[in-house]
Amino acid sequence: MVAYYYIRLRMDINGKYFKSYLEREDAFKKQYNAERIKKQHSKGKLTAHERIALLFDAGTFEEIDAYVTPLDLGVDFGKVEKSYGDGVVTGHGKIDGRLVFAFAQDFTIMGGSLGIVHARKIAKVQEMALKMGAPFIGINDSGGARIQEGIASLSGYAIIFNNIIQSSGIIPQISVVMGPAAGGAVYSPALTDWVFMTSNTSYMFVTGPNVVKEVLNEEISSEDLGGAEVHARKSGVANMIYDDEENTIIAVRKLLSYLPSNNLENPPVAAPENDTPGVNERLRDIVPDDPNKAYDVRDVVNLIADRNSFFETSELFAANIVTGFCRMEGKTIGIVANQPKVLAGVLDIDSSTKGARFIRFCDAFNIPILTLEDVPGFLPGKDQEHAGIIRHGAKLLFAYAEATVPRITVILRKAYGGAYIVMNSRGLGGDFNYAWPSAEIAVMGPDGAVAILYRRELAEAKDPAAMKKELVKKYRDKVANPFIADEKGYIDEVIDPAMTRMKVLSAFSALSNKSVKVPSRKHGNMPL
Ligand code: HXC
C-alpha cells in the first residue's frame, strides 16, 4: 500500500512517470495494429489475444509479462523485432470458475518464433501452474526455434519440455495447435496429455515438406504431411480436431470440465442428470443374436451414462477401441470400450496404445474406469507381429494392472483369449467384473477351438460343415458360457443388461473409498 502511494506521488509530482506509463500502453496497443490482425485473420486464424479471450471466462484473464522485450544477443544475423511480449501472451484466468494458466503464441510477432525471453515467459507460467495445482493450456502457433537466437532458443525449448515432463501426472496439460508446429517444437504438444488441432490451419511435423523433398525426393504438402486430419486419423498425435478455432476452444473448455485441477483433487461433480433411468430395457436389444453381427458400443455408453454426457476422445484414431469421459450421477468416469463396428473390435497396435494412454491418464487424475468388453482377440498377421503387437499390447496390460482407481468391467459379448485378460479381467485387478447373458468367455473363439480339438474328426467326417456347426454350438453352450464363469467365480455376476447402469453405479459407490498401497519403487518399467 505504501509503495502504491509512493508511486502515485512520484507520478503526480513528476508527470513524466505517468506519461511514460501511458506511452508504453499506447505503444503496446499500436503493436497489435489492424494490419497485423488482418494478416492473421486472412489465414483463417484468430490472434493470440482473441484466442485467450475465447478460452477464459469473460474478463478473468490476467496477462503477465506483457511488456518484456526480446533479449539482444548481439548476433548480427536477421532482425529481431523489438516487440512487447516477445511473441507470446501468458497469464492466468478462470475456466468455469477454476484457475487455469496458459500461453498463446503470437504468430504476428516474428512468426511466434521462440526466443529465450519467449521461452522464459512460458516456463514462468508453467512453474506457477505446477505450484498452484492448476491445469495448463498452451496455444501453439509458431515458426519454432527463433533462428536469430541460435542455441539460446534451443535451450528455451529444453526448459519448456522439462517443465511439461515434471508436471506430467500432477496437473492436466493441454496443447492446442492452431498454426505451424515444426521441428523439435512438436515435442512440446506431444509431451502434454491432450492435443487439439484445428483443421486446415494447423500442422505438425518433425521435418517439413522441403526436407522431405531434399532427403527422399518426395513431393508432399504440409496438410498431407502433418495436417489435423493426418494426426487425428493416422498418427494419433492429435486427440481432437475441429473445423474452426472457436469450436476447438469450446471443446477444450468442455474437456476441462471433466478433469480435476490436479492429481490430489477429485474431478468436479456436475449437477446429476436425474432423468437417466437406472433400468433401461433398450440395453437388452443392442447386442445382436448373431455373434458375427456388429453394433455400435457407443449406444451402450449413451444408455448407461448421464444423458448427453459422453465426450469421446481420439475418436478418429484406432476406432476399434472407444475411449472418452462420461458422467454417472454427475461424477466423471473414463470409458474404455471395444468397438464391434470397427474391425470387429479387435485389439491391434494402435488400439492398445490408445487404450493404455487413456487408462494412465485416468489413473493419474483419480478418474474411475468402466470397461465395456466385446473383443474377439488380438489382430493376427505378419504386419502386426513385425510391428510389435507383443510390445504394444503389453502396454495395455501394464496400464490396466498398475491403475489403482476403481475399475469395473462389463463383458457384453466376446471375451476371448489374451484379449479377455487384457481388458481389465479380475485376475488383472479389476474390482468388479460383470457379464451380460450374451457373453462368450473362453480361451479362443468357437471356430478356432473346434478346428484345433476336432481336426482329425472333421477331416474324416462325411459332412464336416454340419459337424462343425454342431461343435461350435456345443462349445458356445458348454464352454464359452458366462454362467460357467459365474459359477466358477471368475466374474462377479451375470447381469440383466437392462440393469447395467444401476449395477455399475452401485459398484462405483462401493469403490468410492478404494485405497491401494503400492510398494515403494522409483517407477515400473512399462514396455515402451
Ligand atoms: C525466426 C521466423 C521463424 C523462425 C518464421 N519466422 N519462422 N523468425 N525464426 N523459426 C518469421 C519470418 O521470417 C517472417 O518474418 C514471419 O515469421 C512470418 O513467417 P512467414 O514465413 O512469412 O509465414 P508463412 O509463410 O505463414 O510460413 C510460416 C512457416 C515458415 C511455415 C512457419 O515461416 C517457416 O518454415 N519457418 C521456419 C520453420 C522451422 O523450420 N523452424 C525451425 C524448426 S526447428 P517477417 O519479418 O517477414 O514477418 C526447431 C527446433 C526446436 O524449432 C528444437 C527443440 C528441441
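Everything quoted here is computed from the prediction, not taken from an experiment. Atoms within each ligand, like the ligands themselves, are counted from 1 in listed order. These numbers come from the heavy atoms of this one structure, side chains and all, not from hydrogens, waters or symmetry mates.
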> Hey, mind stepping through Val422 and Val375 against side chain to side chain contact (heavy atoms under 4.5 Å, CB included) and telling me if it holds?
Replying inline: CA-CA 10 Å; Val422 174; Val375 58; over 6 Å; no
> Which is it for Met204 and Val230 under the side chain to side chain contact (heavy atoms under 4.5 Å, CB included) test, yes or no, and what are the steps along the way?
Replying inline: CA-CA 10 Å; Met204 295 171 77; Val230 167; over 6 Å; no
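For the pair Lys254 and Phe311, the cation does not sit on the ring face, since its NZ or CZ is not both under 6.0 Å from the ring centre and inside 45° of the axis. Taking the centre and axis of the six-membered ring of Phe310, the NZ or CZ atom of Arg298 falls outside the cone set by 45° and 6.0 Å.
Under the 4.0 angstrom criterion, atom 22 (O) of ligand 1 counts as lacking any protein heavy-atom contact. Using a 4.0 Å threshold on non-hydrogen atoms, atom 7 (N) of ligand 1 counts as touching the protein. Of the protein's heavy atoms, at least one falls inside 4.0 Å of atom 41 (N) of ligand 1. Not a single protein heavy atom sits closer than 4.0 Å to atom 14 (C) of ligand 1. Within the 4.0 Å cut-off (strictly below), no protein heavy atom is located near atom 30 (C) of ligand 1. Under the 4.0 Å distance rule, the nearest protein heavy atom to atom 35 (O) of ligand 1 falls outside the cut-off.
Looking from atom 55 (C) of ligand 1 to the surrounding protein, the closest heavy atom is Phe161 CE1, 3.7 Å. Closest to atom 10 (N) of ligand 1, if we only count protein heavy atoms, is Ala145 O, 2.9 Å. Nearest protein heavy-atom contact of atom 16 (C) of ligand 1 is Gly111 N, 3.7 Å. At the top of the distance list for atom 1 (C) of ligand 1, counting protein heavy atoms only, stands Gln148 OE1, 3.2 Å. Among all protein heavy atoms, the one lying closest to atom 9 (N) of ligand 1 is Ile147 N, 3.1 Å. With hydrogens left out, the protein atom closest to atom 2 (C) of ligand 1 is Met110 O, 3.8 Å, a heavy atom. Gly183 CA, 3.9 Å is the protein heavy atom nearest to atom 44 (S) of ligand 1. With hydrogens left out, the protein atom closest to atom 46 (O) of ligand 1 is Lys79 NZ, 3.9 Å, a heavy atom.
Screening Lys124, Gln173, Gln126 for a side-chain hydrogen bond (donor to acceptor under 3.5 Å, both in side chains) with Asn163, the sole residue that qualifies is Gln126.
Side-chain contact, Ser168 with Arg360: no donor N or O sits under 3.5 Å from an acceptor N or O. No hydrogens or angles considered: nothing links the side chains of His392 and Gln384 as a donor-acceptor pair under 3.5 Å. Side-chain contact of His118 with Glu149: a donor-acceptor pair under 3.5 Å is absent, judged by distance alone.
Close approach to Ala182 involves these atoms of ligand 1, each under 4.0 Å from a residue heavy atom: 43 (C), 52 (O). Residue Gly184 approaches ligand 1 through these ligand atoms, each under 4.0 Å from one of its heavy atoms: 49 (C), 50 (C), 51 (C), 53 (C), 54 (C). Close approach to Tyr203 involves these atoms of ligand 1, each under 4.0 Å from a residue heavy atom: 31 (C). The distance from ligand 1 to the heavy atoms of Lys43 drops below 4.0 Å at these ligand atoms: 26 (O).
Taking the six-membered ring where tryptophan is involved, the planes of Phe101 and His92 are tilted, since the angle between them lies from 30° to 60°.
Residue Phe107 places no N or O, backbone or side chain, under 3.5 Å from any N or O of ligand 1. Residue Gly143 has at least one N or O atom closer than 3.5 Å to an N or O atom of ligand 1. Between Pro180 and ligand 1, no N or O atom pair is found at a separation short of 3.5 Å. In terms of polar-atom proximity, Arg146 is not counted as a contact of ligand 1, lacking any N or O under 3.5 Å from an N or O of the ligand.
Contacts between Ser113 and ligand 1 below 4.0 angstrom, taking non-hydrogen atoms only, involve the side chain exclusively. Looking at Tyr187 against ligand 1, nothing comes within 4.0 Å, counting heavy atoms. At a heavy-atom cutoff of 4.0 Å, ligand 1 is contacted by the side chain of Leu154 but not by its backbone.
Remark: Thr47 OG1 to Phe107 CZ distance equals 13.5 Å, nearest 0.5 Å. Residue Phe378 holds its CZ atom at 8.0 Å from OG of Ser351, rounded to the nearest 0.5 Å.
We find that Arg120 and Asp65 are not joined by a salt bridge, their nearest charged nitrogen and carboxylate oxygen being 4.0 Å or further apart. Look at Lys121 and Asp86 and you find no salt bridge, because none of the NZ, NE, NH1 or NH2 atoms lies under 4.0 Å from a carboxylate O.
Surrounding NZ of Lys82 are more than 12 heavy atoms belonging to other residues, nucleotides or ligands, all under 6.0 Å away. The local environment of CD in Glu246 is sparse, with at most 12 non-hydrogen atoms from other residues, nucleotides or ligands closer than 6.0 Å.
Taking only non-hydrogen atoms, the option from Arg36, Lys39, Glu81 nearest to atom 48 (O) of ligand 1 is Lys39.
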